[in-house]
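Quick notes on the structure that follows.
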Protein chains: 2
Amino acid sequence: MSKYFLGSTLDDPIAEATRQWRAHGWEEAAPGMAAVTTITRVNRILVSRIEEALSPFGLTFARFEILRLLGFARDNELPMGKIGDRLQVHPASVTSAVKRLERDGLIERVPADHDNRIVLARLLPDGRKTLEQATRRINEVFTSLELDTATLQDLTAHLAAIRSD
Amino acid sequence: MSKYFLGSTLDDPIAEATRQWRAHGWEEAAPGMAAVTTITRVNRILVSRIEEALSPFGLTFARFEILRLLGFARDNELPMGKIGDRLQVHPASVTSAVKRLERDGLIERVPADHDNRIVLARLLPDGRKTLEQATRRINEVFTSLELDTATLQDLTAHLAAIRSD
DNA sequence: TTATAATAGTTTGATGTCAAAGTATTTCCT
DNA sequence: AGGAAATACTTTGACATCAAACTATTATAA
């Protein structure tokens, strides 16, 4: 049974909302409503699973993504701005997450020598080690989803239409 | 071009991550990684669109969902706990959102007379009015998604497997 | 050369999410 | 009846997200 869900197994709140939408003459909007609501719920569940897997390392998903990005980057470093671009998050969110990664000794922040406006986040040895362990753990989550590979790929492909804007 | 995305249109960070995953021998986890990452990104984009549409009413998506739920409920009221069950959010999140809806005069909180532990959130006339206008606006978002109806329904059906746990 | 514009990050403030701890009330069981 | 356990909700604290305002640095243009 799901977290926070104490009611009867029989009623599915999203199915119920869909019925209501149709009953109120919003037929056209019903499939979109159901899809968006579903994505929101699923997102929370997935992030929750991931953060449970990452908890032994004191990492959140957001911070893991930054570590992972730096682990792939040339010289293990990237400007704050690039991180925001790649992860599609607000610059303030990058500042916030990087501050915590630095606090925990996983990365360091260094000014770029050719342009002092730029701050580079650089993976440290401890960060590399944590990253490698965390990646193994998170991959267990990725391989144990309820959907088969083909469905996952379909899903990814379809949602790309929304993601790109 | 997307918010916060300043780089070349050619590089797709998720496609790149998938390449890296395969290159590092995490082939099995790659589809899951891509799907989860995509869902996270898409969720943020959708919530962002919705909240832009709701901004004239001073509503967030979370608070809209509560209003919408109350609008469908018998007597326009529900216990805090039921709201959390239906929306699959933590009780503390309900408390937080309801506090703001009450502050804005859209709902009221009343103790249930048969059990004083229970707090009922009840839609007020102003809340009803705001709800109706907000629903029209949010339905415009739901009807203007980049995916056709069949795809939306497929998506909803597939993701239900994850949502139910 | 210098004033203006653009760029890169950070700070602040509002909201949302969750876990864990705390309070109040009701139920259950001896 | 009375104490323990369960239930319902709130509070607190940590973290994430975004928008808007602010600072610093570099580029542009008169």
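If you're wondering where the values come from, they're calculated on a predicted model, not measured in any experiment. The chains referred to below are lettered A, B, ... by the order of the sequence lines, with proteins before strands, and numbering in each begins at 1.
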**OP:** Please report, rounded to the nearest Å, how far the P atom of C/dG16 is from the CD1 atom of B/I83.
**Re:** 14 Å

**OP:** Give a yes or no on whether a salt bridge exists between A/R19 and A/E16, defined as a side-chain N under 4.0 angstrom from a carboxylate O.
**Re:** yes

Original post:
In whole angstroms, how far is the C1' atom of D/dT17 from the CG atom of A/N43?
Top reply: 12 Å

Original post:
How close or far is atom C1' of D/dT7 from atom CG of B/D85, stated in whole angstroms?
Top reply: 12 Å

Original post:
Do you know which two heavy atoms are closest between A/G32 and B/L145, and how far apart they sit?
Top reply: CA-CD1, 3.8 Å

Original post:
With sequence neighbours excluded, what pairs up with A/T151 under the side-chain hydrogen bond (donor to acceptor under 3.5 Å, both in side chains) test?
Top reply: A/D148

Expected list for residues 130-137 of chain A: side-chain donor-acceptor pairs under 3.5 angstrom, two or more places apart:
{"unit_1": "A/T130", "atom_1": "OG1", "unit_2": "A/D126", "atom_2": "O", "d": "3.1"}
{"unit_1": "A/T135", "atom_1": "OG1", "unit_2": "A/R68", "atom_2": "NH1", "d": "2.9"}
{"unit_1": "A/T135", "atom_1": "OG1", "unit_2": "A/L131", "atom_2": "O", "d": "2.7"}

Original post:
Got a donor-acceptor contact below 3.5 angstrom from the A/H24 side chain to the A/W26 backbone?
Top reply: no

Subject >> DNA chain D-proximal residues of residues 67-79 of chain A, any heavy atom under 4.0 Å >> reply: none

Subject >> Atom-pair distance (NZ on B/K82; C1' on D/dC9), nearest Å >> reply: 15 Å

Original post:
Is a side-chain N or O of B/E77 found less than 3.5 angstrom from the main chain of B/L70, in a donor-acceptor match?
Top reply: no

Original post:
By a strict heavy-atom criterion of less than 4.0 Å, which residues belonging to residues 108-124 of chain B are in contact with DNA chain D?
Top reply: B/R109, B/R117, B/I118, B/V119

Distances for protein N or O near nucleotides 13-16 of chain D N or O, under 3.5 Å:
{"unit_1": "D/dC15", "atom_1": "OP1", "unit_2": "A/R103", "atom_2": "NH1", "d": "3.3"}
{"unit_1": "D/dC15", "atom_1": "OP1", "unit_2": "A/R103", "atom_2": "NH2", "d": "3.3"}
{"unit_1": "D/dC15", "atom_1": "O3'", "unit_2": "A/R63", "atom_2": "NH2", "d": "3.3"}
{"unit_1": "D/dA16", "atom_1": "OP1", "unit_2": "A/T60", "atom_2": "OG1", "d": "2.4"}
{"unit_1": "D/dA16", "atom_1": "OP1", "unit_2": "A/R63", "atom_2": "NE", "d": "2.9"}
{"unit_1": "D/dA16", "atom_1": "OP1", "unit_2": "A/R63", "atom_2": "NH2", "d": "3.4"}

**OP:** Kindly state each residue pair satisfying salt bridge (Lys or Arg N to Asp or Glu O under 4.0 Å) with at least one member in residues 93-104 of chain B, sequence neighbours excluded.
**Re:** B/R63-B/D104

Subject >> Expected output: side-chain B/T37 to main-chain B/A34 donor-acceptor under 3.5 Å >> reply: no

**OP:** Using whole Å, report how far CG of B/L54 lies from C1' of D/dC18.
**Re:** 15 Å

**OP:** Please tell me if the side chains of B/R44 and A/N43 come closer than 4.5 Å, counting only heavy atoms from C-beta onward.
**Re:** no

Subject >> Integer-rounded Å distance: D/dC18 P and B/I50 CD1 >> reply: 15 Å

**OP:** Mind calculating the distance between CD (B/E65) and C1' (C/dT17) to the nearest angstrom?
**Re:** 13 Å

**OP:** Report the distance from atom NE2 of A/H90 to atom P of D/dA19, rounded to the nearest whole Å.
**Re:** 5 Å

**OP:** Using side chain to side chain contact (heavy atoms under 4.5 Å, CB included) as the criterion, point out the one residue from A/I45, A/T156, A/L155 that pairs with B/I39.
**Re:** A/L155

Subject >> Gap between atom CD of B/E146 and atom CG of B/L152 - 0.5 Å precision >> reply: 10.0 Å

